[in-house]
Peer 1: 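Before anything else, here's the structure in question.
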Protein chains: 2
Amino acid sequence: MGTKPSGPRGRPRGFDADEALERAMLVFWEHGYEGASLACLTGAMGISTTSMYAAFGNKQELFRKALDRYITGPSGYLVRALREPTALGVAGAILAGTIRNTTRPAHPHGCLGVQAALAAGDSGQEARDLLIAWRDDGNSWIRERFQRAVDEGDLPPEADPGLLARYIVTLAHGIAVQAASNVPRDELQRLADAALRGWPLS
Amino acid sequence: MGTKPSGPRGRPRGFDADEALERAMLVFWEHGYEGASLACLTGAMGISTTSMYAAFGNKQELFRKALDRYITGPSGYLVRALREPTALGVAGAILAGTIRNTTRPAHPHGCLGVQAALAAGDSGQEARDLLIAWRDDGNSWIRERFQRAVDEGDLPPEADPGLLARYIVTLAHGIAVQAASNVPRDELQRLADAALRGWPLS
DNA sequence: CGAATTCTGTAGCGATTGATGCAGAATGGA
DNA sequence: TCCATTCTGCATCAATCGCTACAGAATTCG
């Protein structure tokens with residue numbers, strides 16, 4: 001008595017929602033939440049405003065979904081980096097991933113999570129708070145990973161996981177700003193290597 | 001035969017241009033270039049749009065002048081820090097100044113130079129380029145100061161002034177992002193202290 | 001005084017903002 | 001076939017955007 005696999009009723013979509021969301025993400029990445037107008041977004045997505053509202057709700061929800069896509073896509077290196085076996089490996093992978101992600105030739109420079117809504121007007125406050133929460137999550141995950149490293153003896157017992165996490169996050173966000181200023185990738189990688197030379201901050 | 005000290009002709013201004021510019025700077029600082037609407041700006045400045053245009057030109061020129069005021073005012077710690085006697089003193093003063101400036105209780109959190117136009121739409125590209133140029137200037141000044149330190153023997157001859165400058169600038173910009181995320185001042189200061197513990201990056 | 005000059009307030013400009021109403025087109029189910 | 005459902009394109013909405021025209025108010029100069 002299985003339910004019949006009835007297909008979706010009504011007229012089917014004339015576009016690929018996944019690809020449209022990818023394009024929207026890139027626009028938000030490059031121009032920020034408020035800097036990305038509906039006309040700019042729908043133009044890049046290749047659909048009309050009506051289709052966008054039908055498929056994604058409104059601009060804020062579109063941004064939310066674009067951010068989700070960014071987190072699991074271009075920024076997916078973060079959770080992967082947390083699975084590195086050592087704290088130093090985690091730190092190095094985070095910085096290397098940040099540099100790769102923020103200086104991709106075919107992508108906007110910088111990090112969507114940093115530059116899409118650092119400061120905003122009234123309409124962008126929700127997006128700004130969303131990004132603040134995500135950045136805070138990132139710091140917490142790294143801190144907890146470093147705490148585990150202390151518990152496991154990978155980091156010395158006197159190491160401060162919160163301090164080390166804040167150090168890595170600060171470097172990553174700083175790197176994102178440098179990348180948005182068009183600082184070349186190799187210079188950033190040299191910086192990251194040097195910044196981890198004294199790990200774990202004596 | 002001195003020229004007569006003729007006062008300004010015409011109706012005098014009904015407001016203090018300096019204080020109005022200060023208010024505008026704070027609005028740009030908090031909301032960014034595009035996020036600061038004319039209504040928001042003139043409201044905070046306490047003048048009408050007509051008076052703003054008569055006194056400052058247009059929104060872009062107002063931003064330029066507000067940025068000048070920011071550079072010599074709240075961000076004046078930078079050039080002062082460059083006059084510290086040692087490279088380590090310079091680095092510490094820059095980070096401490098950044099932390100103080102980006103976490104002032106009565107001011108917007110973060111750094112205007114970082115968050116006012118990291119990403120922008122069409123109308124904000126000029127402001128974005130202006131800030132990129134200023135951030136690049138800051139890096140150059142610090143690099144030259146560290147080069148001098150190498151020449152004077154304050155830094156070891158094998159030290160890389162460009163790398164050290166990029167390290168400090170990256171930390172400062174990262175700190176600005178943390179401050180915009182409401183990370184408390186004392187945590188940032190502990191981070192700065194730790195980040196300079198291995199100076200000059202072994 | 002009158003003339004010239006400069007600033008202020010109101011009112012409004014054209015353009016763009018995010019968001020919708022509506023009719024028609026395209027599908028599945030009965 | 002006919003209906004219900006869903007998507008699309010066109011036109012448009014009210015609000016806000018940055019900006020300005022215009023007339024009057026306030027000053028200096030002659």
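Proteins come first, then strands; the chains are lettered A, B, ... in the order of their sequence lines, and each starts at number 1. What you are looking at is a predicted structure, and each value in this text was computed from that prediction instead of being measured.
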Peer 1: Reckon Ala36(A) touches a base, only the sugar-phosphate, or nothing at all at heavy-atom distances under 4.0 Å?
Peer 2: sugar-phosphate
Peer 1: By the side chain to side chain donor-acceptor pair (under 3.5 Å) test, which pairs, at least two apart or in different chains, include something from residues 128-137 of chain B?
Peer 2: Ser181(A)-Arg135(B)
Peer 1: Using atom CZ of Arg11(B) as one end and atom C1' of dG9(C) as the other, report the distance to the nearest whole Å.
Peer 2: 9 Å
Peer 1: Do the side chain of Arg185(B) and the main chain of Arg100(B) share a donor and acceptor less than 3.5 angstrom apart?
Peer 2: yes
Peer 1: Among side-chain atoms of Tyr77(B) and Thr98(B), is any donor-acceptor pair under 3.5 angstrom?
Peer 2: yes
Peer 1: Of all the choices, dT17(C), dT6(D), dC29(D), which nucleotide is nearest to the side chain of Arg9(B) once you look at every atom?
Peer 2: dC29(D)
Peer 1: Measure from OH on Tyr33(B) to C1' on dC17(D) and round the result to the nearest Å.
Peer 2: 12 Å
Peer 1: Can you tell me if Tyr167(B) and Asp160(B) form a side-chain donor-acceptor pair at under 3.5 Å?
Peer 2: no
Peer 1: Pick the closest DNA chain C nucleotide for Phe15(B) and for Gly10(B) by heavy atoms, then say which residue is nearer the 5' end.
Peer 2: Gly10(B)
Peer 1: So Phe56(B) and Phe15(B), would you call those rings parallel, tilted or perpendicular, with 30° and 60° as cut-offs?
Peer 2: tilted
Peer 1: To the nearest angstrom, how far is Arg13(A) atom CZ from dA25(C) atom C1'?
Peer 2: 17 Å
Peer 1: Counting only non-hydrogen atoms, which of residues 46-63 of chain B are less than 4.0 Å from DNA chain D?
Peer 2: Thr49(B), Thr50(B), Tyr53(B), Asn58(B), Lys59(B)
Peer 1: CG of Asp16(B) versus P of dC7(C): gap in Å, rounded?
Peer 2: 15 Å
Peer 1: Mind running salt bridge (charged side-chain N to carboxylate O under 4.0 Å, His left out) on Asp18(B) and Arg69(B) for me, showing each step along the way?
Peer 2: CA-CA 9 Å; Asp18(B) 235 46; Arg69(B) 192 180 176 85; 3.3 Å; yes
Peer 1: Atom CG of Leu38(B) to atom P of dT16(C): distance rounded to whole Å?
Peer 2: 17 Å
